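Below: the structure, in structure tokens.
Side chains are part of it too, since the values below use all heavy atoms of this structure and drop only hydrogens, waters and symmetry mates. Along the sequence shown, residues are numbered consecutively beginning with 1. What you are looking at is a predicted structure, and each value in this text was computed from that prediction instead of being measured.
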Amino acid sequence: MSRASVLLLNPNRMLPPIAPVGLEYVANGLAERGYEPVICDLTFSGDWRGDLTRALDDTVPAAVGVTVRNIDDAYFASQDFTLETTGEIVRHVTAATQAPVVLGGVGFSCAPAQVLSFTGAGYGIVGDGEAAFPALLDCLEADGDPTQVAGAAFRLPDGRLHVTPPVSYDPAEQGAPSRTYFDNPRYFAEGGQLGIETKRGCGGSCIYCMEPAAKGNRVRLRSPEAVADEFAALLDQGIYAVHLCDSEFNRPAPHARAVCEALVSRGLGERLRWYVYAAPTPFDGELAAAMAAAGCAGIDFGVDHADEGMLRRLGRDFGPEDIARTAEACRDRGIEVMFDMMFGAPGETRESIAWAIDFLRDVAPGRVGLSCGVRVYPNTPLAAMVREGGPLEGNPCLHGAVQGNEDFLRPIFYVDVAIGEDINAYVASLIRGDERFLHADPSETDGNYNYNDNSVLAQAIRAGERGAYWDILRRLAARSS
């Protein structure tokens, strides 16, 4: 008996292109449950309507799964509401087929009610999709009760949204995915890197972050051996530059070391160049040495700030001394360092911004990313704080889509009113052209820190550059100086 086909649709049109690692993991989960995953990747499509129509006609799917990786590009400078394109694509699907349309991904899971309403999709999966998506398909095929499917989101007959609480998927139970469903070599050629997860979830309490709501607030670890198998599978396809998609690779640190040991024991470290997101704590020279031996080329520390008071307000659990110590540990082991900063949160002043920039200039990492304005995402502590302040339209700290956007779905940014006029101009005056600082300045769209449609990046990747985007920009600047 032939297996039911499920069309997996990637609507992400951002460039440089990012391979949809989550959708590839879901494809493996579907195959393991007896479904046939069929891919429709619109990232490289010159005529997405025509390509999508042909995919629907050729497949006649039992269901269509759509990943919602982003709802916007998270930059105050551009405020690109990418969910508009996704919504247009979903509406094209619903008009062309009677098959149920099921949304998933981080962008969906952070605001399921809002995204379902905006796109008009029938169903969604909140949280992990590897087991929940095929379980929902089994239920719909049997005409069962979808309220019994963990993570299922849909509208009841009376119009109310129902979300069954998700059950955390344990990635330790699964081996390495095949990584063969998408055209990964093309993504590598045009995007410069691919992604892998070594764990899922985040136990942090950052006030702005949607990751705990979208991926769970409990960290779940993959087998280090399975991670090494996945690296090897990508290497077999000629892909040697990888970015780990973990919220923070070094939490917990023993698992991070175990992953490094697995890569070294397989002889993979000398063939790889990989990058991670990490926290300044726990981090020491021993971990840095293990990561360097395993092929780690660079670490992006999402420190958010350097001022002690602002770190506490943002929900961070480290201090400036940890930031400085971490930079030194990486420098001693030859690992490039990026610090990501976020200016404008509640309590921010011009003085706290100036102090942080001066501090980081002294610490001297390879690059510092400066984001001005904090995106207020739905279902985050920051959104609750803003809501407590009264109507959005009357709040002088809010910028962007403040009218008719009570659910925070469209881009809306917080910049503390104490900073005064034009935070971007003020930050530009402080960095004074220092090339170590990547500033998302709306007046310099080709050279700024926004990776979305960054022509400098795209040209460099076409010319053969590979790796994390911030490191590509660093290398370009080093060669031109």
Pair Thr53, His92 - check side chain to side chain donor-acceptor pair (under 3.5 Å), show working.
CA-CA 8 Å; Thr53 298; His92 184 95; 3.0 Å; yes
With respect to Asp246, which candidate in Arg222, Lys215, Lys199 satisfies the side chain to side chain donor-acceptor pair (under 3.5 Å) definition?
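Looking at Arg222, Lys215, Lys199, the match for Asp246 under the side chain to side chain donor-acceptor pair (under 3.5 Å) is Lys199.
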Verify ring-ring contact (aromatic ring centres under 6.0 Å, His included) between Tyr35 and Phe133, making sure each step is shown before the conclusion.
CA-CA 11 Å; Tyr35 290 93; Phe133 186 23; 8.0 Å; no
Contact summary for Cys245 and Gly195, nearest pair of heavy atoms:
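Nearest heavy atoms, Cys245 then Gly195: SG-CA, 3.8 Å.
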Check: Val21 main-chain N/O paired with Arg179 side-chain donor or acceptor under 3.5 Å
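Not confirmed, Arg179 side chain does not pair with Val21 backbone.
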Heavy-atom donor-acceptor pair, Arg410 side chain to Gln79 backbone, under 3.5 Å:
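Checking the backbone N and O of Gln79 against the side chain of Arg410, no donor-acceptor pair under 3.5 Å is found.
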Take atom OH of Tyr277 as the centre, draw a 6.0 Å sphere, and report whether it contains more than 12 heavy atoms from other residues, nucleotides or ligands.
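Counting other residues, nucleotides and ligands, OH of Tyr277 stays at 12 neighbours or fewer.
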Surrounding CD of Glu84 (heavy atoms of other residues, nucleotides or ligands, distance under 6.0 Å), is the total greater than 12?
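Above 12, so yes.
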Answer yes when [X] and [Y] have at least one side-chain N-carboxylate O distance shorter than 4.0 Å, and no when they do not.
X	Y	answer
Arg273	Glu336	no
Asp317	Arg251	yes
Arg316	Glu248	yes
Glu88	Arg13	no
Arg367	Asp300	no

Under the ring-ring contact (aromatic ring centres under 6.0 Å, His included) criterion, do Phe249 and His255 qualify, and how do the steps go?
CA-CA 9 Å; Phe249 174 69; His255 181 260; 7.6 Å; no
Identified salt bridge (charged side-chain N to carboxylate O under 4.0 Å, His left out) partner of Arg54 from the options Asp58, Asp51, Asp57
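One option only clears the test, and that one is Asp51.
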Can you classify the ring geometry of Tyr240 versus Phe188 as parallel (below 30°), tilted (30 to 60°) or perpendicular (above 60°)?
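Perpendicular: the ring planes of Tyr240 and Phe188 meet at over 60°.
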Determine whether the side chains of Asp41 and Thr43 contain a donor N or O and an acceptor N or O closer than 3.5 Å.
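Asp41 vs Thr43: donor-acceptor pair found between side chains.
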How many angstroms lie between CD1 in Ile412 and OH in Tyr377, if you round to the nearest 0.5 Å?
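These two atoms lie 12.5 Å from each other.
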Does the cation-pi check pass for Arg91 over Phe118, that is, NZ or CZ under 6.0 Å from the six-membered ring centre and within 45° of its axis?
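Checked: cation-pi criterion met.
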